[in-house]
Amino acid sequence: MEKMKLATWNVNSLNIRLPQVLEWLAANSPDVLCLQETKLDDDKFPMVEITAAGYHPAYAGQKTYNGVAILSRALPEQVSTGIGGYDDPQKRVLAATIAGVRVISVYVPNGESVGSEKYRYKLDWLARLTAWLKTELVNHPQLALLGDFNIAPEERDVHDPRLWEGRVLFSAPERAALAGLFECGLKDSFRLSDQPDKSFTWWDYRLNAFKRNMGLRIDHILFSPDLARKCQSCMIDRGMRARERPSDHAPVIAEITI
DNA sequence: ATGGTAGAAACTCTA
């Protein structure tokens with residue numbers, strides 16, 4: 001039985017975080033690493049360094065904001081960008097087939113604040129993502145959706161649910177949109193096994209949030225039913241958030257048998 | 001308490 005290790009990490013600038021990404025790849029040897037917030041135009045992607053580390057890069061970037069990538073040991077096939085049928089100039093979705101698994105790296109809009117224009121964009125974007133995924137799941141029964149969803153699914157995924165209730169990243173409409181993905185059959189790999197209490201993936205840079213573990217679990221690895229059955233483990237590597245000059249997100253890693 | 005910090009870019013926006 002062969003194992004496949006898939007990971008996701010919002011690096012908040014691949015330019016700044018490249019040394020940490022290379023170190024993390026060497027230490028963890030994932031088969032697939034999805035990145036978000038690369039904040040790099042495609043002609044600035046660190047192709048040489050990633051290739052030298054033994055990974056094939058696929059990327060869809062833009063300057064300053066957003067940007068997604070998929071790094072893989074095996075050659076990525078059928079690489080495509082964006083949500084089918086939705087002309088979004090923001091680079092937030094990248095898909096590739098790797099060793100027979102359809103891997104999709106997503107950077108869901110942050111939403112800024114409930115009721116804002118960016119919040120409406122977030123909900124509209126999620127509706128389009130969900131509609132598109134329904135057909136993707138039919139075409140690719142072995143599908144993994146990894147990334148920064150900017151939504152905490154449940155109260156136990158938020159350090160202080162009362163404080164966050166109704167706020168962006170935890171408002172009812174956002175959680176309903178995430179539940180819509182689960183209704184398509186996608187499973188939250190993190191909840192397929194027992195996990196420590198107060199497990200989070202993102203901590204604000206401000207107010208010493210990480211030291212006080214004031215975090216949210218907003219980065220997820222979702223598996224189609226076929227892959228969920230093969231999931232062996234899922235864990236958060238919070239050690240990377242404790243580093244000097246860290247991303248505000250920690251990597252999430254899941255292992256499946258293929 | 002509507003603050004605070006980080007990144008990119010360029011005196012502001014996004015998260």
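Just so we're on the same page: letters track the sequence lines, and every chain starts at 1. Since we're looking at a predicted model, the values are computed, not measured.
Distance CZ (A:Arg245) to P (B:dA8): 7 Å, rounded to an integer number of Å. The CG-P distance, from A:Asp248 to B:dG7, rounds to 9 Å in whole Å. To the nearest angstrom, C1' of B:dA8 lies 11 Å from CG of A:Leu40. In this structure, CG of A:Asp41 is placed 12 Å from C1' of B:dA8, rounded to the nearest angstrom. Rounded to whole Å, atom C1' of B:dA9 lies 13 Å from atom CG of A:Asn15. We find that CG of A:Asp204 is positioned 10 Å from P of B:dA6, with the value rounded to whole Å. What separates OH of A:Tyr205 from C1' of B:dC13 is a distance of 16 Å, to the nearest Å. Atom-to-atom, CG of A:Asn10 to C1' of B:dA6 comes out at 12 Å; the value is rounded to the nearest Å.
As judged by a 4.0 angstrom heavy-atom cut-off over every strand, A:Tyr107 is placed among residues touching the sugar-phosphate backbone only. Here A:Leu207 lies in heavy-atom contact (under 4.0 Å) with a base.
With B:dA15, B:dG7, B:dG4 as the choices, the nucleotide that has an atom nearest any side-chain atom of A:Asn12 turns out to be B:dG7. Nearest to the side chain of A:Lys39, among B:dA15, B:dA9, B:dG7, sits B:dG7. With B:dG4, B:dG7, B:dA15 as the choices, the nucleotide that has an atom nearest any side-chain atom of A:Arg17 turns out to be B:dG7. Comparing atom distances between the A:Asn110 side chain and each of B:dA8, B:dA15, B:dT14 picks out B:dA15 as nearest.
B:dC11 and B:dA1 are spaced 34 Å apart, taking the P atom of each and rounding to whole Å. Separating the C1' atom of B:dA15 from that of B:dT2 is a span of 16 Å, rounded to the nearest Å. Comparing the same atom, P, in B:dA9 and in B:dT14 gives a spacing of 14 Å after rounding to whole Å.
In this structure, A:Lys134 NZ and A:Leu129 CG are separated by 11.0 Å, a value rounded to the nearest 0.5 Å. How far OG of A:Ser171 is from CZ of A:Arg175: 8.5 Å, rounded to the nearest 0.5 Å.
For the pair A:Gly111 and A:Arg167, both in contact range of DNA chain B, the more 5′-proximal nearest nucleotide belongs to A:Arg167. Taking for each of A:Asn150 and A:Thr64 the nucleotide of DNA chain B with the nearest heavy atom, the 5'-most of the two is the partner of A:Thr64.
Using a 30° and 60° split on the angle between ring planes, A:His249 and A:Trp202 fall in the tilted class, from 30° to 60°. Using cut-offs of 30° and 60° on the angle between ring planes, the pair A:Phe210 and A:Trp203 is perpendicular.
Within 6.0 Å of the NZ atom in A:Lys39, the count of heavy atoms belonging to other residues, nucleotides or ligands exceeds 12.
For A:Arg206, no side-chain nitrogen or oxygen approaches OP1 or OP2 of B:dA15 to under 4.0 Å. One finds no side-chain N or O of A:Lys63 lying less than 4.0 angstrom from the OP1 or OP2 phosphate oxygen of B:dA8.
Of the N and O atoms on the side chains of A:Asn12 and A:Ser247, not one donor lies less than 3.5 Å from an acceptor on the other residue.
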